[in-house]
Amino acid sequence: MLSTIAPTNTWYLVLAAVLFGIGTLGVMVRRNPLVMFMCIELMLNAVNLTFVTLATAMSDINGQVVVFFVMVVAAAEVVVGLGIIVSIMRRRTAATADDLSALKG
Amino acid sequence: MLNLVWLIPAFPLAGFLLNTLFGRKLSEPKSGVLATLMTAASFVVTVGVYFDLLSRTTEERHSVFTLFSWLPVGSLKVDMALLADPLSITMALFITGIGSLIHLYAIGYMHGDPKFPKFFMYLNLFVFSMLMLVLGENLLVTFLGWEGVGACSYFLISFWHTRDSAATAGKKAFVTNRVGDWGMMTAMFLAFSSVGTLSYAGINAAASSNHLAAVTATGIAMMLFVGACGKSAQLPLYLWLPDAMEGPTPVSALIHAATMVTSGVFLLTRMSPVLHAAYPWSGTVIASVGAATALFAATVAVAQTDIKKVLAYSTVSQLGFMFLAIGSGAYVAAIFHMITHAFFKALLFLGSGSVIHGMHHEQDMRKMGALRKVMPITGFTFIIGWLAIAGVPPFAGFWSKDEILLFAFANNRFLWLVGVVTALLTAYYMTRQVIMVFYGEARWNDHAEDHGAHGDHTPHESPWMMVTPLVVLAGLAIVGGAMQLPFTHSTKFLEHWLEPIVHHSERDIAGTWADNNKWLLLVFAVVIASAGIAASIAVYAKGKARAIEPQILADGWRYDSTISTFMGGPGRKAFDGISAFDAKIVDGAVVGVGHEVRALSGILRKAQTGLVRSYAVIIGLGAVVMLAWFLLRGVL
Amino acid sequence: MLLAASLNGPDIPWSHILPLLIFLGATCALLLLGSLIPSWPRVGNAVVTISASVAAIVASVVKWNYLHWHKGDTYIADAIAVDRFAVFATIVISLAVVGASLLMSAYLSRTDSEGPELYALFMTAAIGAIVMVSANDLVVLFLGLETLSLSLYLLAASNRRREESQEAGLKYFVLGGFASAFFLYGIALVYGGSGKTSISTIHDSLAAYVSIHKTDAMLLVGIGLLMIGLAFKVSAAPFQVWTPDVYEGAPTPVTAFMASAGKVAAFAAMLRILTVALASRADDWRPVVWALAILTVFVGSTMAVVQTNVKRMLSYSSISHAGFILVGVEAAGHMKGNGLNSSMAYLAIYTVLVLGSFAIVLALSGVDDSETSLDDFKGLAKRRPALALAFSVLLFAQAGVPFTAGFVAKFGVIKSAVEVNSYAIAIAAMVAAVIGAYLYLRIVVSMWMEEPTSNNEIVIARPVRYVIALSVAATLLVGIFPDLLLNAAELVRFAPK
Amino acid sequence: MELVVFVLAAAMVLVGAIGVITRSNPVHAALSLVLTLFGIAVMFVSHEAHFLAAVQVIVYAGAIVVLFLFVIMLLGVDRSEDISIEPITAQRPLAAIVGLGVSGIVIAALVSSRSAISTSGDGIDASTVDAADANIRQLARSIFSNNVFAFEITSVLLIVAVIGTVLMARRIKLREAGK
Amino acid sequence: MHVSTLIANETAAAATHATFPILSALILVPILGAALVAVMSNRRPEWVKLTATLFAVATGGMSIWLLASFKSHEAGFQFVSQHDWISAWGISWHLGIDGISLFLVVLTGILFPLVILGVDPHHDEKPYLAWLLLLEAGVMGSFLSLDLFLFFIFFEIVLVPMYFLIGGWGYDKRIYAATKFFLYTMFGSAFMLVGIIATAALARHDIGYFTFDLVKIAENASFATNTARWLFLSFAIAFAVKVPLFPLHTWLPDAHTQAPTGGSVILAGVLLKMGTYGFLRFGLYLFPAAAVWAKPAFLTLATIGIIYGAIAATMQTDLKRLVAYSSVAHLGFIVLGTFAITSQALSGSVMQMVNHGISTGALFLMVGMIYERRHTRAIAELKGIQAVAPIFAAAFMVVMLSSIGVPGLNGFAGEFLILIGSFQTARWWTVVAATGVILAALYLLWAYQRVFHGEPDEANSSFPELKAREGILLLVFIAIIGFTGLYPKPMLSRIEPSVNKLITHVEEHSTFKAPVGKTAPTETTTHEGGE
């Protein structure tokens with residue numbers, strides 16, 4: 001019975017949207033910069049899923065190519081981001097995002 | 001001679017300029033002599049012009065001398081032009097004539113004043129302005145003089161400006177006059193917009209040829225009357241004149257008795273065709289205001305103790321008479337009274353000045369008395385002036401006042417009655433003054449210590465410069481009535497002389513009851529005057545009755561103080577309110593916007609917490625709103 | 001079969017991507033030279049960078065003239081567009097690199113630090129920016145955006161002696177990544193809605209069919225997501241929150257670079273995406289730009305009112321400038337008039353102004369780049385009148401006073417807005433400019449009408465002087481003879497339309 | 001079958017994602033992230049994107065997450081974060097609005113226009129569809145022909161990453177110490 | 001007809017250009033002077049002052065030369081000079097002068113040298129002089145521009161030097177005042193900028209190409225009724241702030257009070273005139289129908305301003321602030337005349353712009369002199385000055401009477417023309433406005449009494465009399481006051497043709513009909529000119 005119901009592309013897209021939302025939420029509620037960063041990765045993955053799904057839906061390989069590039073971007077971003085985080089954390093261990101608020105107003 | 005008419009104002013102007021430039025060098029008394037000579041020269045020219053006019057036929061007694069084009073814009077063409085005709089020359093004659101005398105008098109009166117040259121500078125400027133006023137060919141030139149005399153009056157009233165009362169009086173005079181000026185300006189606007197010119201000839205021609213709608217004519221007339229009220233101290237604008245007595249006495253004599261204050265009368269006479277073309281009720285308004293002013297001022301004069309204040313209120317009262325005449329259509333009578341009044345009131349003022357001078361600047365009549373003995377000439381001439389103003393025949397005032405009452409009777413008997421009562425009161429308070437100053441006991445001895453500073457305790461007669469004008473004016477006050485005697489048609493010289501000006505609008509009373517019984521009215525007037533004099537003698541000389549001098553009369557029916565209270569109280573509050581409105585509301589709104597922006601900035605700044613997660617929320621919320629818009633655009 | 005499917009790559013017109021190549025080459029050279037030659041002089045870094053930028057400018061100018069005779073087109077399988085728009089923006093970006101490098105050399109010698117990496121990052125950022133302005137493909141554009149952004153994150157955090165710099169870097173990074181994700185998601189949905197990622201193709205494909213109700217939602221939400229990402233980059237309110245903190249915290253030369261090159265690239269991308277790819281949906285996105293513009297001008301100018309740090313003030317002013325440029329974008333959204341041209345002219349002028357302004361801030365900010373409060377500017381006219389005058393000129397230019405380039409810029413965008421009947425936005429922008437002027441006046445007041453608080457001698461390094469002098473000169477020159485710039489800006493077009 | 005795969009993968013994805021945002025210990029969060037990444041990889045497989053699935057596992061789960069863990073260990077910041085408190089006022093409700101809002105709006109848009117997903121793509125080369133390496137070849141062809149420019153740009157991106165690492169890792173002369 | 005006038009303008013431009021671009025020189029010479037002063041060494045201050053004076057005098061001399069060679073009885077623009085400037089936007093350097101702007105230019109030319117010579121800034125003379133010269137260039141530019149854009153930028157640029165003059169050399173609340181002045185005026189021009197662009201953009205339809213040329217737009221463009229009204233209002237806000245018209249006036253008292261004496265003189269003398277001039281040149285000329293439509297509103301505001309400004313002036317405790325409020329009232333008259341649109345009223349307005357500049361300028365000078373001597377402007381602290389400084393008091397009195405509007409002095413000539421002209425088309429407003437003359441006497445005389453009359457107290461008893469330099473300075477003002485008051489004809493004959501042309505223009509482009517002057521029935525017989 002269940003097997004007759006095939007998940008359509010929309011299902012995937014909706015799932016991706018949900019994932020994106022969770023990622024968004026995470027950036028806002030987590031204080032550890034590393035975890036915030038992970039949440040951004042969640043968002044990127046949601047996009048990737050969307051691209052792949054759309055590529056299938058449209059029978060267009062370009063959607064998958066984009067995912068490839070996004071992964072490169074994600075990698076580079078991680079390197080840079082972690083570099084910045086490390087350089088901060090080396091000086092101020094256990095600093096949360098909330099602690100970095102000297103600039104304001 | 002007629003083309004030399006420009007010399008009439010030119011002499012005083014030259015005197016003014018010379019005194020402005022060299023007055024300090026000339027100093028006393030040369031500057032005074034210079035000013036006097038200039039005025040006298042002007043008088044001589046005026047006499048020449050007068051005889052030139054006299055030598056012409058009635059129709060040719062009209063000459064315009066254009067100096068230059070003053071304000072030519074579009075259809076408005078205003079020339080700086082002088083008009084020589086019977087009216088203006090009559091005015092010029094007594095302005096320069098009496099002016100010369102008062103100048104002469106002032107040389108003595110102002111002796112020792114540190115600002116002696118300045119006084120004569122102003123005096124000459126005044127004469128110049130006054131001459132421009134009367135010689136003006138159009139309303140605007142007259143207005144130039146009109147404002148000029150106002151300014152000079154201001155300078156001269158506040159001549160002793162270190163005295164606060166003098167400064168305040170000067171300001172009051174100027175501002176009150178300005179109220180009148182507003183009326184005169186409005187009249188000019190109306191005249192220009194309806195006739196297209198400001199020249200007297202043009203306006204009067206339009207009025208007499210029925211080119212002027214009655215309603216417009218009424219508007220012009222009423223607005224001119226407002227102007228005249230201001231300048232000629234009529235109700236409700238009279239209140240500056242009593243205060244103007246703060247000025248030196250020659251000023252009071254020249255400006256606030258003989259000349260400037262009569263310019264309202266002159267103006268209305270000049271524009272008599274317009275008045276004639278106006279609705280009849282406008283005449284009634286003028287006459288009523290005049291009568292009311294006359295009576296009002298007379299009642300106040302009864303209770304004054306300041307020698308000059310009595311004369312000031314008397315002047316207001318007499319001016320009221322002139323307006324009563326104008327309102328009754330008796331222009332000749334108005335001018336007639338104006339001239340005689342100039343004689344005797346100048347005389348009285350100069351006399352009072354002489355008394356003040358002799359009394360070392362004491363003006364309170366209660367501290368005088370029996371001065372006749374120490375100041376014989378002053379006393380004698382003053383008494384002549386008194387007789388003239390009280391309406392005792394055959395002195396000048398009698399004839400002119402009688403003529404006014406005659407027309408008033410013919411016009412409106414109630415107003416006539418008011419005039420008669422006023423005449424009675426005039427005789428009464430003038431007699432009171434003469435008795436208080438020149439008769440009775442010498443009360444000045446009691447107060448001698450007050451004048452200790454002057455060294456000389458006894459009053460003294462004034463020097464010849466001051467006495468000579470008194471004598472001359474006394475002569476004029478005696479014979480002045482001769483210019484218009486009611487006996488026959490041919491004895492009415494003034495009427496014939498002024499005919500080109502007023503023939504169109506002068507009220508014709510021939511054949512009325514008043515005209516037929518004018519001798520009866522004349523006798524009645526004599527009786528009234530005698531009654532006033534008698535009553536006064538009874539009260540003040542014989543002490544047969546108690547003087548009726550209620551405080552409310554001394555206070556001028558509290559009119560002035562009410563206005564002052566209003567101005568200082570609610571008026572000032574209103575002004576303060578507007579000023580506060582400006583600061584708090586109008587500027588407050590501007591400053592408020594600034595403050596609001598600043599406050600908003602402070603609030604928005606709080607959103608800039610420095611917390612990266614807050615920023616994410618703000619961005620996220622912005623994103624949601626934006627996406628919602630697009631979703632709606634897509635779905636709906 | 002494998003052989004048969006041999007690769008047929010697209011032609012690569014090397015000359016058209018010369019600026020990119022120059023920067024790339026210079027980047028590599030810089031990294032290698034610094035590590036290979038032990039005695040490589042510090043100044044050499046700046047020389048290489050500036051030479052590369054100048055070379056890029058020259059190449060671009062040549063290309064500009066080339067475009068006078070040839071039609072612009074898209075190349076490398078539609079990946080990039082070669083048009084006057086891209087060339088103009090490239091020149092401006094390269095100029096920003098020159099200016100920022102000059103400032104950086106002074107900054108580095110003051111802090112006595114090495115720094116080939118920083119120059120290299122300027123150039124990689126420039127590459128990213130140039131890719132963004134010339135990209136004809138959303139994916140390429142995204143990659144350019146990331147290249148630019150990553151470089152800027154690093155640059156912002158590069159002063160590791162200052163905690164503020166680090167904080168700025170992290171904030172920028174986190175929020176930038178967050179916004180990039182939105183942008184990317186937008187690409188995905190637009191891709192879903194149009195089937196393409198190529199900008200000119202999207203234009204054709206979207207123009208081909210009339211939007212049907214309820215089926216356009218994905219595309220439109222995609223546009224929305226794209227715009228979120230772009231609005232973040234251009235610091236349009238309410239996505240501007242990061243700007244003041246990052247601008248204040250970043251080293252001053254970097255701030256100057258971010259405010260100039262960063263903004264140019266972001267706006268260029270926005271213009272190209274919106275008015276080329278999404279032209280047929282202009283009625284949907286234009287109101288959003290309208291709202292963003294008004295919000296931005298007011299937020300930028302209002303929030304500046306109570307600030308006390310000059311660097312922060314200038315960052316708020318940059319927000320309000322962004323609002324003004326958005327006015328131009330909105331005008332461009334009417335698909336007529338010259339909103340595009342005026343926006344680009346504005347960006348060029350703003351680049352000059354912002355470089356000069358931050359140069360002066362740098363000159364005064366002390367060794368550790370932290371003396372930027374308003375008090376530090378008090379009485380500057382008494383200490384260094386010429387400097388105060390120069391800053392006043394730049395500030396008045398930013399306020400939009402006539403005879404300065406700033407006025408030309410503002411006038412241009414307002415003109416383009418008015419010409420397409422966007423009166424409300426034009427008036428709102430002008431009113432906001434009045435509020436904004438208060439900010440500049442406050443600085444001017446401090447400089448001219450107050451007494452100095454310190455008497456330390458102000459040493460201005462020579463490169464900083466050059467930047468200040470050149471930007472002031474350019475400000476006045478363009479202010480008095482706007483044709484110099486306008487004649488070029490009016491030629492800005494997109495290829496291949 | 002497809003349904004089962006989808007449900008399981010979706011469960012992985014969602015559980016992992018929720019784990020990332022709810023685990024107080026960053027190490028746990030990283031591990032949850034791995035779960036999500038695996039879930040995504042599964043989905044890639046079900047979309048016939050084998051190459052990407054592989055890369056997903058190798059690069060993402062393998063390299064990136066490891067990098068995360070590395071940093072966590074390096075810095076010793078594996079202490080738990082107290083999730084039960086939220087120092088910023090109204091942060092969570094607002095965050096929830098944003099999260100739900102973004103998801104909700106996108107979902108609504110996707111659902112309403114699901115029929116309009118464009119089918120005008122370049123298509124997947126039919127001749128190679130059956131081959132085992134079809135997906136890889138397709139991708140390669142696309143990357144090195146039509147997307148060659150983008151591909152080259154990624155190299156710049158990586159250069160930036162390298163420079164960044166150098167920059168951030170460089171020892172600094174801490175001025176404060178000298179003072 | 002339009003074409004022919006245009007051609008005439010062009011040929012005139014060519015002819016004048018061949019000789020000497022005098023109008024451009026009027027703008028450029030002060031700029032040159034400012035630049036020179038700015039770069040001069042500080043070591044020889046007297047040289048700096050001399051240079052500034054020379055340049056100001058040269059500009060003044062050129063303006064006088066302009067006055068002398070201006071063809072009276074000619075309505076169009078003279079000395080026209082036109083060059084392309086910003087071709088990308090259709091903007092040209094288009095300058096010209098007619099009867100309306102002539103005297104404002106001359107006033108500017110005269111006022112600046114007087115201020116430079118007569119007022120001492122006390123410190124930092126060099127920048128002060130440079131700013132003044134720059135200000136002069138800006139003011140000249142505003143009055144000479146015949147291009148909307150050109151006008152706008154000059155209109156705006158004057159803010160900067162004025163801002164610095166107030167902020168740098170003013171009194172204690174100078175920064176507040178300068179900032180308020182700058183922002184308030186800028187706020188006004190914000191609308192005008194949009195209006196200018198919209199005007200040019202909409203006029204393109206009728207002209208065929210994009211241009212900001214005032215003459216072309218005014219003569220050729222026809223705007224839809226509502227459009228023209230909005231455009232007019234956008235200009236009007238800027239001018240109303242500048243004038244300033246009630247209720248947008250509150251920057252003025254602050255700016256005037258806090259500005260240094262020289263700044264106040266210039267501010268009152270010429271800067272405010274940019275607003276009233278703007279109403280004429282860019283209100284009536286550009287949008288005749290809309291101006292006629294807005295007439296009642298502006299007449300009302302002007303009348304309120306007259307009364308309100310006078311009342312507010314009465315209650316001021318600071319002498320300078322009082323004069324500032326009196327400006328509000330006086331400028332109300334000018335606006336009244338402008339919107340009455342009759343030959344007399346408009347001529348009067350133009351004339352009054354100059355008169356107000358002279359008399360209020362002189363008043364500010366004298367208030368400045370009082371401040372120099374007593375270091376206060378509070379009326380309450382001054383007393384009895386006439387007793388110790390009679391010549392100073394006399395000079396003040398003359399100027400004050402001119403300000404009050406006593407006939408024979410310049411203030412009256414303008415005011416009277418305005419009122420008599422306005423009465424024909426705006427009767428009731430004029431009647432109310434005329435009461436302003438009462439109030440003017442009230443506040444000025446009251447102030448005079450408090451400051452000059454009375455017995456001088458200790459602080460005032462050593463009030464020094466006028467110095468020779470000050471005396472000569474005031475003498476120039478008084479001479480102008482007297483001459484224009486008594487013989488305004490030369491001035492009017494140059495103003496009137498342009499004004500009439502403007503009225504004709506308004507009549508052609510709107511339903512408005514100026515009242516036809518009535519001729520008195522016996523007009524011909526009365527003017528004989530003596531015997």
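Residue numbers begin at 1 in each chain, while the letters A, B, ... track the order of the sequences.
- Of the residues considered (A201(E), A178(E), A88(E)), A88(E) shows the highest number of contacts with chain C, using heavy-atom pairs under 4.5 Å.
- Ring geometry for W85(E) versus W93(E): interplanar angle over 60°, hence perpendicular rather than tilted (30 to 60°).
- The closest side-chain heavy-atom distance from L314(C) to Q398(C) is below 4.5 Å.
- Only the side chain of L202(E) comes within less than 4.5 Å of a heavy atom in chain C; its backbone stays farther off.
- Using a 4.5 Å cut-off between heavy atoms, L193(E) touches chain C through its side chain atoms alone.
- Contact of F191(E) with chain C is made through the side chain alone, with heavy-atom distances under 4.5 Å.
- Between chain E and the residues F403(C), F411(C), W448(C), F407(C), the largest count of heavy-atom pairs under 4.5 Å involves F411(C).
- Ion pairing of R493(C) with D83(C) is absent here, as no side-chain N (NZ or NE/NH1/NH2) approaches a carboxylate O to less than 4.0 Å.
- Only the side chain of F396(C) comes within contact range of chain E, with heavy atoms under 4.5 Å apart.
- Between H123(E) and W169(E), the angle of the ring planes stays under 30°, which puts this pair in the parallel group of the 30/60° scheme.
- Only the side chain of I175(E) comes within contact range of chain C, with heavy atoms under 4.5 Å apart.
- Within the 4.5 angstrom heavy-atom criterion, no atom of Y184(E) approaches chain C.
- Between F155(E) and F239(E), the ring planes are perpendicular. Angles over 60° get that label, and only those under 30° would be called parallel.
- Among the candidates F210(E), F187(E), Y163(E), F149(E), the residue making the largest number of heavy-atom pairs closer than 4.5 Å to chain C is Y163(E).
- Ion pairing between a basic and an acidic side chain is recognised when a charged N comes within 4.0 Å of a carboxylate O; E419(C) and K336(C) show no such pairing.
- Ranked by non-hydrogen atom pairs under 4.5 Å with chain C, the options I196(E), T179(E), D124(E), I91(E) are led by T179(E).
- Comment: K49(E) engages E125(E) in a salt bridge, judged by a side-chain N to carboxylate O separation of less than 4.0 angstrom.
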